[in-house]
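Presented below is the structure to which this report refers.
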Amino acid sequence: MTIEQDITCRELIDFLGDYLDGRLEPDRRRCFEDHLRVCRSCVDYLAAYQRTVALGREALASGADADVQDVPPALLEAIKASLRERSD
Amino acid sequence: MRTSESSAQVDEAEFVSRLRRGDQAAYAELVERSTGRMLALARRMLPTEADAQDAVQDAFLSAVRSLDRFDGRARLTTWLHQITVNACLMKLRSRRRRPERSIEGLLPEFLPDGHQQFPRGPWRAGAAGGIEGDELRAFVRDRIDELPEAYRVVLLLRDLAGLDTQQTAIALNITTDAVRTRLHRARQALKTLLDPYFTEDPS
């Protein structure tokens with residue numbers, strides 16, 4: 001029989017990445033879930049953290065797409081010239 | 001009958017052999033086709049436009065030099081993407097470090113009993129001032145740029161360049177545990193920077 005120990009908000013928040021990646025042992029995972037059932041501030045932290053991850057991914061992906069169209073013609077010419085020079 | 005995928009593979013193999021022969025028209029086509037995507041990646045990873053353009057130029061030279069090592073298992077675009085990431089990392093290492101804020105001040109604080117010292121309360125559905133769409137994404141990118149470099153780079157390699165934990169560890173020459181820790185702290189710090197715009201003003 002395993003004895004489950006209560007965890008603190010600090011432990012939950014410090015290991016939140018591992019919890020969300022499914023890297024915790026089942027007993028430890030259960031402790032996290034028990035804590036989240038009773039701790040409103042950790043539930044809020046978890047929700048805001050997950051939203052941060054999503055906002056970050058979305059921001060980086062969308063910015064890259066927009067920039068693809070914006071290539072200075074002088075850069076294209078400089079790169080072609082440097083490749084020509086190299087092969088001469 | 002060739003499937004379109006195998007046809008694309010044959011076309012790519014033919015294109016790569018033209019590059020290996022030093023065919024100038026193939027070089028020009030590669031530059032026209034690939035610069036946009038490579039520059040977009042470099043602009044996200046590096047602080048200035050000049051650095052980003054230099055990194056792309058370095059990446060092309062490095063790609064042409066190592067064409068013999070391209071074994072065709074990855075797509076050419078994937079291979080160029082990896083070379084661009086490496087060129088950006090080289091640039092970051094060679095750059096003089098600017099003073100930057102410490103990550104500590106952006107991480108949550110705790111009381112001696114382990115409770116959060118300053119819990120922020122739930123986030124509301126929309127950001128302050130009603131910003132959304134492209135404006136919100138640009139705003140989030142600006143907050144990512146404020147992160148200390150060692151943490152920002154891990155976030156960019158994972159969420160922008162698409163590297164996994166192992167690949168990020170190799171690229172930065174750190175352990176996979178260090179990658180996980182830095183990624184988690186980067187996300188915590190980004191949350192802290194976004195908190196004021198998504199929570200009700202406590203005053």
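In what follows, chains are A, B, ... by sequence order, proteins preceding strands, each numbered from 1. Quantities reported herein were computed from a predicted structural model and do not represent experimental measurements.
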dist B:Q188:CD -> A:Y49:OH (nearest 0.5 Å) comes out at 6.0 Å
Under a plain distance cut-off of 3.5 Å, with no hydrogens placed, do B:D195 and B:W123 share a side-chain donor-acceptor pair? yes
Of all of B:R158, B:R180, B:H115, B:R65, which one pairs up most often with chain A through heavy atoms under 4.5 Å apart? B:R180
About how many Å separate CZ of B:F110 and CD1 of A:I13, when rounded to the nearest 0.5 Å? 4.0 Å
Centroid-to-centroid, B:F139 to B:Y197, below 6.0 Å? yes
Need one label for A:A47: side chain, backbone, both or neither, based on atoms under 4.5 Å from any heavy atom in chain B. neither
Against chain A, work out which of B:R143, B:E49, B:E32, B:M38 has the most heavy-atom pairs shorter than 4.5 Å and name it. B:E32
Is A:R37 paired with A:E33 through a side-chain N to carboxylate O contact shorter than 4.0 Å? no
Pick from A:D44, A:T8, A:L12, A:D21 with the largest number of heavy-atom pairs that fall under 4.5 Å of chain B: A:D44
Any residue meeting side chain to side chain contact (heavy atoms under 4.5 Å, CB included) with B:A171, in chain and number order, not counting sequence neighbours: B:L89, B:L157, B:L163
Non-hydrogen atoms of chain A under 4.5 Å away: do they reach the side chain of B:L190, the backbone, both or neither? both
Quick one: what part of A:D18 sits under 4.5 Å from any heavy atom of chain B, side chain, backbone, both or neither? side chain
Find the one option among A:V53, A:T52, A:L55 whose heavy-atom pairs under 4.5 Å with chain B are most numerous. A:T52
Carboxylate-amine/guanidinium contact B:D145 B:R141, below 4.0 Å: no
Under a 4.5 Å heavy-atom cut-off, does chain A meet the side chain of B:L111, its backbone, both or neither? neither
Check each atom of B:L61 against the heavy atoms of chain A and say whether the ones under 4.5 Å are side chain, backbone, both or neither. both
Under a 4.5 Å heavy-atom cut-off, does chain B meet the side chain of A:L20, its backbone, both or neither? neither
Part of B:D134 lying under 4.5 Å from any heavy atom of chain A: neither
Heavy-atom side-chain contact between A:Y45 and A:L16 under 4.5 Å: yes
Tell me, for A:R23 versus chain B, whether the close heavy atoms (under 4.5 Å) come from the side chain, the backbone, both or neither. side chain
